[in-house]
Asker: 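Take a look at the following structure, please.
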Amino acid sequence: PMRFNTVSFSNTSLVEYNVTSGQTIYNLPSPGYGHLSINNGTKSAGANLEVRGSLEIKSGSTFNAGSYTHSIGGNWINDGSFNAGTGTIQFNGSGAQSISGSVSTTFNHFTINKTAGALTLNRTTSISGTGTFTAGIVNSTAANLLLFNDNATATGANNGTNPSFVNGPVRKIGNDAFVFPVGKTG
């Protein structure tokens, strides 16, 4: 189209989807979103999303992840409703990250692939599909633990190349065979 410009957002920019009707969220051209805020109504991913900052799901809103892979470089803040679909949420920031909010989150597939810093759970977090530990540490506590639902699996932990594991308690639901992704550095 004529007079169409490409817009690029900085790491600190904020894009807020704030219409009460449903909206589809598409990825922005590289380098993607700075911070992404989902407010009012239901918002559905229409593509893989790259969020270099934090993703916030505000109270009264719903985020449908669909079947896409969404990369989060900042914090995950869930004060609303998250529908994981068959998608993957990947935490790939280069500094400290957290999962927090007033509502616990259940991810379908969860990947940690961090070059530095840890991912700290400030809310109990569940995985229904696969937890993939590529690089980076997940910090959990007895009050904010990592929970693998029935039939969920974990892969890649303590892979020897890039230390990746849960530093703290993990709980598994069900009676299927399971290798707990816990460990320590050194």
Asker: Please tabulate, for side-chain N and O atoms in residues 133-140, each donor-acceptor pair with protein atoms closer than 3.5 Å (sequence neighbours left out).
Answerer:
{"residue": "N139", "atom": "OD1", "partner": "N167", "partner atom": "ND2", "Å": "3.0"}
{"residue": "S140", "atom": "OG", "partner": "P169", "partner atom": "O", "Å": "2.8"}

Asker: Please report the interatomic distance NZ(K43) to OG(S37), rounded to the nearest 0.5 Å.
Answerer: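 Going from the NZ atom of K43 to the OG atom of S37 covers 10.0 Å.
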Asker: Do F91 and V182 land in one hydrophobic cluster if side-chain heavy atoms of ILVMFWY residues count as linked below 4.5 Å?
Answerer: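 F91 and V182: one cluster.
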Asker: Shared ILVMFWY cluster between L145 and F165, side chains joined below 4.5 angstrom?
Answerer: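 No; tracing contacts between hydrophobic side chains, which count when under 4.5 Å, never links both residues.
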Asker: Minimum heavy-atom separation for Y17 and T24, please, with both atom names.
Answerer: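 Between these two residues, the closest heavy atoms are CE2-O, 4.3 Å.
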Asker: Give a yes or no on whether the ring-centroid distance for F148 and F180 is below 6.0 angstrom.
Answerer: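 That pair fails the under 6.0 Å test.
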Asker: Distance to the ring centre below 6.0 angstrom and angle to the axis at most 45 degrees; does that hold for K172 and F178?
Answerer: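 Cation-pi check for K172 and F178: passes.
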Asker: Walk me through whether S10 and T12 qualify under side-chain hydrogen bond (donor to acceptor under 3.5 Å, both in side chains).
Answerer: CA-CA 5 Å; S10 74; T12 59; 3.2 Å; yes
Asker: Mind checking the CG-CD spacing from N39 to Q23? Nearest 0.5 Å is all I need.
Answerer: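 So the gap between those two atoms works out to 10.0 Å.
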Asker: Rounded to the nearest 0.5 Å, how far apart are OG1 of T111 and CD of Q90?
Answerer: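 Result: 5.5 Å between the selected atoms.
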Asker: Apply side-chain hydrogen bond (donor to acceptor under 3.5 Å, both in side chains) to the pair S98 and N75, showing each step before the final yes or no.
Answerer: CA-CA 5 Å; S98 67; N75 299 322; 3.2 Å; yes
Asker: Tell me, with the steps shown, if T88 and T132 meet side-chain contact (heavy atoms from CB on, under 4.5 Å).
Answerer: CA-CA 10 Å; T88 299; T132 302; over 6 Å; no
Asker: State whether the side chain of R52 and the backbone N or O of P31 hold a donor-acceptor pair below 3.5 Å, judged by distance alone.
Answerer: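 It does hold such a pair.
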Asker: Among the clusters formed by ILVMFWY side chains lying less than 4.5 Å apart, do F82 and V103 turn up in the same one?
Answerer: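 No, it is not one cluster - the side chains of F82 and V103 are not joined through contacts under 4.5 Å.
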Asker: Applying side chain to side chain donor-acceptor pair (under 3.5 Å), which residue pairs with at least one partner in residues 141-152 are found, sequence neighbours left out?
Answerer: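 Qualifying pairs, neighbours excluded: S128-N149.
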Asker: May I ask you to check whether F110 and W76 place their ring centres under 6.0 Å from each other?
Answerer: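 When the ring centroids of W76 and F110 are compared, they turn out to be at least 6.0 Å apart.
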Asker: Would you mind writing out the side-chain donor-acceptor pairs for residues 117-127 within the sub-3.5 Å range, not counting sequence neighbours?
Answerer:
{"residue": "R123", "atom": "NE", "partner": "G101", "partner atom": "O", "Å": "3.3"}
{"residue": "R123", "atom": "NH2", "partner": "S102", "partner atom": "O", "Å": "2.8"}
{"residue": "T124", "atom": "OG1", "partner": "A143", "partner atom": "O", "Å": "3.3"}
{"residue": "T125", "atom": "OG1", "partner": "R123", "partner atom": "O", "Å": "3.0"}

Asker: Does Q97 use its side chain to pair, donor to acceptor, with the backbone of K114 at less than 3.5 Å?
Answerer: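 No, Q97 side chain to K114 backbone: no donor-acceptor pair under 3.5 Å.
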Asker: Check L36, I57, N78 against F63 for a side-chain contact (heavy atoms from CB on, under 4.5 Å) and give me the one that passes.
Answerer: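 That would be I57; it is the only one of L36, I57, N78 passing the side-chain contact (heavy atoms from CB on, under 4.5 Å) with F63.
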Asker: Ignoring hydrogens and geometry, is there a side-chain-to-backbone donor-acceptor pair from H70 to L49 under 3.5 Å?
Answerer: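 Yes.
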Asker: Is the side chain of N108 donor-acceptor paired with the backbone N or O of T86 at a distance under 3.5 Å, no angle test?
Answerer: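 A pair under 3.5 Å: yes.
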Asker: Are any side-chain N or O atoms of N64 and backbone N or O atoms of N83, one a donor and one an acceptor, separated by less than 3.5 Å?
Answerer: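 Not at all, since once roles are kept as given, no pair shorter than 3.5 Å links the two residues.
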Asker: Locate the shortest heavy-atom distance separating A84 from A65; write the atom from each residue and the value.
Answerer: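 For A84 and A65, the tightest heavy-atom pair comes out as O-CB, 3.6 Å.
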Asker: Set out, in order, the CA-CA distance, both residues' side-chain angles and the distance that settles side-chain contact (heavy atoms from CB on, under 4.5 Å) for E50 and N48, then state yes or no.
Answerer: CA-CA 7 Å; E50 178 72 33; N48 296 332; over 6 Å; no
Asker: Do V179 and V170 sit in the same hydrophobic cluster, where Ile, Leu, Val, Met, Phe, Trp and Tyr count as joined when their side-chain heavy atoms come under 4.5 Å apart?
Answerer: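 No, V179 does not connect to V170 through the hydrophobic network.
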Asker: Y68, I89: one ILVMFWY side-chain cluster at the under-4.5 Å cut-off?
Answerer: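 No, no single cluster joins them.
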Asker: Where the side chain of N92 meets the backbone of N113, is there a donor-acceptor pair that is under 3.5 Å apart?
Answerer: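 Looks like no, no N/O pair under 3.5 Å.
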Asker: Test N40 against N18 for side-chain hydrogen bond (donor to acceptor under 3.5 Å, both in side chains), laying out the working first.
Answerer: CA-CA 6 Å; N40 287 320; N18 188 20; 2.5 Å; yes
Asker: Within this structure, what is the OG1-NE2 distance for the pair T69 and H109, rounded to the nearest 0.5 Å?
Answerer: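 Result: 8.5 Å between the selected atoms.
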Asker: Find the distance between OG1 (T106) and CG (L147) and round it off to the nearest 0.5 Å.
Answerer: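 So the gap between those two atoms works out to 7.5 Å.
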